[in-house]
*Asks:* 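Have a look at this one.
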Amino acid sequence: MNSYQSILILKPDLEEAQVAQALEKIGADIVKFKGEIVKAEHWGKKRLAYKVKKNRFGYYLNILHTSDPAGIVDLENEYRLFDQIVKYMTIRLDAGEWEAALGAGGEEGAETDKPSEEAGKEKSSEEAGKEKPAEAAKAETEEKTETEEKTETQQA
Amino acid sequence: MTTLKRRAFLTQKICRFCTDKMVRIPFHDVKLLKPLVSERGKIVPSRISGNCAKHQRQLTRAVKRARNIALLPFSVES
């Protein structure tokens, strides 16, 4: 029995009730393949980075579940046939990842998101300062090596 | 002049994940991954971002997963 994480993108135009229904169906599928849903998270409607089946948006579901390793192929087949799912990804989690995912899970939306947001901002501002001198230095070192090469060839 | 600049560049090379004591890089944290991806959607090399090899490997994996599930773009057309 392995631990898995399934991220599903559902169609964006579903009602809340339909999402709940879909989740129920997926839960039944997972149970069918000797698994069990440990946790299901709604990440909500998000803008997709690229169009998927002509959809610009998608409703993200994150499901942490266990399953028989042999059942995953069949489970993914079920996902593929389920017309409300636009895209899916199933990954196996090792013990550490599993615990981290479960631990961070409940408060994920509320707690862990915020510090990372702040950190992200700080980093981006830091980086804005960082990158320019870094690039300049890089360009300079490249120039330097070039000139060095030239002098070498001249010497030769 | 060049040596000064070079030194300044080298001292900035600290792995941001090591300083945060992060064991794992979550692939679903877009805000964390965004600054480590270029405008065109490419992964920023560790030579520039200053990440350590261990975390750069994790980052690559995280970015690739995020791309797969449409959280990050594969490429951005200019």
Side-chain angles (χ1 to χ4, degrees), chain A residues 5-9 41 43 46-53 55-58 60-62 86-91 93-94 96-97 99-101 104 108 112-141 143-144 147, chain B residues 1-42 44-51 55 58-59 61-77:
Chain A
Q5 179 178 23
S6 284
I7 295 122
L8 310 170
I9 306 178
E41 276 174 22
W43 286 351
K46 285 190 182 191
R47 196 191 167 84
L48 303 175
Y50 48 88
K51 275 190 197 169
V52 182
K53 293 190 183 164
N55 293 307
R56 277 237 157 270
F57 291 84
Y60 278 79
L61 276 182
N62 176 28
V86 180
K87 206 168 168 61
Y88 60 88
M89 180 169 79
T90 310
I91 52 177
L93 302 177
D94 62 34
E97 285 172 327
E99 258 160 50
E108 182 132 24
T112 50
D113 253 14
K114 271 186 186 169
S116 70
E117 214 173 284
E118 281 164 30
K121 272 177 199 164
E122 272 171 39
K123 267 169 204 159
S124 60
S125 63
E126 262 175 50
E127 208 184 33
K130 253 186 209 175
E131 269 194 354
K132 274 184 187 170
E135 270 167 29
K138 201 187 96 192
E140 215 151 303
T141 51
E143 267 174 41
K144 213 185 159 193
T147 51
Chain B
M1 188 63 188
T2 45
T3 49
L4 259 179
K5 267 198 176 171
R6 241 178 145 177
R7 185 156 295 169
F9 172 47
L10 282 173
T11 48
Q12 284 160 354
K13 278 205 167 185
I14 301 162
C15 177
R16 62 181 67 190
F17 298 111
C18 287
T19 49
D20 290 352
K21 293 196 173 142
M22 206 176 252
V23 190
R24 291 182 188 78
I25 301 175
F27 68 89
H28 48 78
D29 196 343
V30 181
K31 273 170 189 144
L32 182 81
L33 300 178
K34 254 292 158 59
L36 294 162
V37 168
S38 78
E39 280 171 34
R40 300 218 72 184
K42 293 178 171 187
V44 176
S46 63
R47 154 168 63 85
I48 295 180
S49 63
N51 290 341
H55 281 117
Q58 282 189 24
L59 173 75
R61 219 171 175 196
V63 169
K64 285 177 178 177
R65 280 180 175 170
R67 279 177 185 162
N68 230 323
I69 205 68
L71 292 171
L72 288 178
F74 279 100
S75 70
V76 183
E77 300 284 311

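The structure presented is a predicted model; accordingly, all values stated were derived computationally and were not measured. Below, read A as the first sequence line, B as the second, and so on, with proteins coming before strands; counting in each chain starts at 1.
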*Asks:* Sort A/Ile9 into side chain, backbone, both or neither according to what part of it lies under 4.5 angstrom from a heavy atom of chain B.
*Replies:* side chain
*Asks:* Looking at every non-hydrogen atom in both residues, tell me the closest pair between A/Tyr50 and B/Leu72 and how far apart they are.
*Replies:*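 Nearest pair, atom of A/Tyr50 first, then B/Leu72: CE2-O, 3.7 Å.
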*Asks:* Given heavy-atom pairs under 4.5 angstrom as the criterion, report whether the side chain, backbone, both or neither of B/Arg65 touches chain A.
*Replies:*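 Both parts, backbone and side chain.
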*Asks:* Heavy-atom pairs under 4.5 Å with chain A: which of B/Arg24, B/Arg67, B/Lys34 has the most?
*Replies:*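 Going by pairs under 4.5 Å, I would pick B/Arg24.
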*Asks:* Hey, mind stepping through A/Trp43 and B/His28 against side chain to side chain contact (heavy atoms under 4.5 Å, CB included) and telling me if it holds?
*Replies:* CA-CA 10 Å; A/Trp43 286 351; B/His28 48 78; 3.3 Å; yes
*Asks:* Which one of A/Met89, A/Arg47, A/Lys46, A/Lys51 has the most heavy-atom pairs closer than 4.5 Å to chain B?
*Replies:* A/Met89
*Asks:* State, to 0.1 Å, how close B/Pro73 and A/Ala49 come at their nearest heavy-atom pair, and which atoms those are.
*Replies:* N-CB, 3.4 Å
*Asks:* Using heavy-atom distances under 4.5 Å, tell me whether A/Leu8 contacts chain B through its side chain, its backbone, both, or neither.
*Replies:*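 Contact with chain B is absent: no heavy atom of A/Leu8 under 4.5 Å.
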*Asks:* Sub-3.5 Å donor-acceptor pair from the side chain of A/Tyr88 to the main-chain atoms of B/Ile69, do we have one?
*Replies:* no
